[in-house]
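Not measured: the values here are computed from a predicted model. When a ligand or atom number is given, it counts from 1 through the structure's own listing order. Numbering of residues begins at 1 and proceeds along the displayed sequence.
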Amino acid sequence: MKPFRIAIDGPAGAGKSTIAKLIAKELGIDYIDTGAMYRAIALKLFRTGTDYNDPEALAELLATTDVDYTGGSVYLDGECVDGLIRTQEVSEMASASSAVQAVRDKLVALQQAMGERKSLVMDGRDIGTKVFPDAEIKFYVTASSRVRAKRRAEDMKAAGQPCDVDQIQKEIEARDYRDSHRANSPLTQLPEAVVIDTSRRGIKSTIELALKAIREKGYVKE
Ligand code: DC
């Protein structure tokens with residue numbers, strides 16, 4: 001059967017991964033978090049003290065680094081690094097290093113191979129534009145920066161971490177700007193994408209909307 005690729009793009013904190021995971025579960029297909037793959041590379045850059053602006057050092061690192069996403073976890077050189085990639089430092093490093101073409105070339109090739117034979121849901125910034133420009137359906141998931149900052153602050157409070165919503169909002173806006181103004185594969189809202197604004201929409205209604213759109217595109221269970 002022809003694979004059915006579901007591309008979900010949008011800014012940080014809009015709810016892409018929550019939506020992607022639930023859709024994948026409902027349809028019984030794989031979910032790939034491409035942001036986690038960029039974060040794994042960022043972690044390796046930190047660990048090795050490699051400068052991503054040094055083309056030779058970066059090429060050497062990329063040639064000797066293995067990144068995989070399987071079973072809901074990301075692996076760096078065979079080590080599960082789920083618990084190490086959500087820090088502020090890794091977020092910043094992932095945002096900066098993901099702007100470098102060599103990093104993107106490596107991860108996009110891996111991601112395209114993942115969707116060659118299997119149906120899947122993939123979320124990121126360039127899934128509909130670069131990874132699967134011919135995806136069977138594309139979503140653009142967004143929310144206001146205030147709503148996204150408040151959600152992040154709630155998560156941090158729940159984890160017992162101190163936080164300041166205004167500061168978080170500023171960081172989110174700075175990251176949005178970088179992700180959407182970089183020369184290589186900037187975050188773009190494609191005209192063919194189904195837009196879902198989660199600012200005032202609950203998760204249940206969001207998933208219903210997404211599943212309806214997927215079925216209308218002719219999704220058939222494998
Ligand atoms: O979705 P996230 O916050 O985990 O992504 C981390 C960083 O990686 C983000 O700043 C943008 C980058 N990224 C990207 O450039 N392309 C993707 N497909 C996914 C993430």
May I ask you to check if ligand 1 and Arg182 share an N or O to N or O distance below 3.5 Å? yes

I'd like to check whether Thr34 has a polar contact with ligand 1, where a contact means an N/O of the residue lying under 3.5 Å from an N/O of the ligand. yes

Can you list the atoms of ligand 1 that are under 4.0 Å from a heavy atom of Ser95? 10 (O)

Between Asp77 and Lys44, does at least one N-O distance fall below 4.0 Å, as a salt bridge requires? yes

Would you call Asp126-Arg104 a salt bridge at under 4.0 Å N-O? yes

Any Lys/Arg nitrogen of Lys2 or Glu136 sitting under 4.0 Å from an Asp/Glu carboxylate oxygen of the other? yes

Closer than 4.0 angstrom: is that true for some heavy atom of Arg104 and an atom of ligand 1? yes

Proximal atoms of ligand 1 relative to Arg175 (non-hydrogen, under 4.0 Å): 3 (O), 9 (C), 10 (O)

Please say whether more than 12 non-hydrogen atoms of neighbouring residues, nucleotides or ligands are located less than 6.0 Å from CD in Glu56. no

Nearest neighbour in protein (non-hydrogen) for atom 9 (C) of ligand 1: Arg125 NH2, 3.5 Å

Close-contact set for ligand 1 against Arg86 heavy atoms, below 4.0 Å: 4 (O)

Identify which one of Val195, Leu209, Ile8 satisfies the side chain to side chain contact (heavy atoms under 4.5 Å, CB included) criterion when paired with Phe139. Ile8

Run through the side-chain heavy atoms of Ile, Leu, Val, Met, Phe, Trp and Tyr, join any pair under 4.5 Å, and report what else lands in Met156's cluster. Ile168, Ile172

Atom of Gln169, atom of Ser145 and distance for their closest heavy-atom approach: NE2-OG, 3.3 Å

Numbered atoms and elements of ligand 1 in range of Asp126, under 4.0 angstrom, heavy atoms: 16 (N), 17 (C), 18 (N)

Which atom of Ala7 lies closest to which atom of Gly128, heavy atoms considered: CB-N, 3.9 Å

Closest to atom 7 (C) of ligand 1 among protein heavy atoms sits Ala94 CB, 3.9 Å

May I ask you to check whether Arg39 has an N/O atom sitting below 3.5 Å from an N/O atom of ligand 1? yes

Give a yes or no on this: more than 12 heavy atoms of other residues, nucleotides or ligands lie within 6.0 Å of atom CZ of Arg152. no

For atom 8 (O) of ligand 1, what's the nearest protein heavy-atom neighbour? Residue, atom name and distance, please. Tyr38 CB, 3.6 Å

Tell me, which protein residue and heavy-atom name are nearest atom 12 (C) of ligand 1, and how many Å apart are they? Ser98 OG, 3.4 Å

Lys16 to ligand 1: N or O pair under 3.5 Å? no

For Asp179, atoms of ligand 1 separated by under 4.0 Å from a heavy atom: 9 (C), 10 (O), 11 (C)

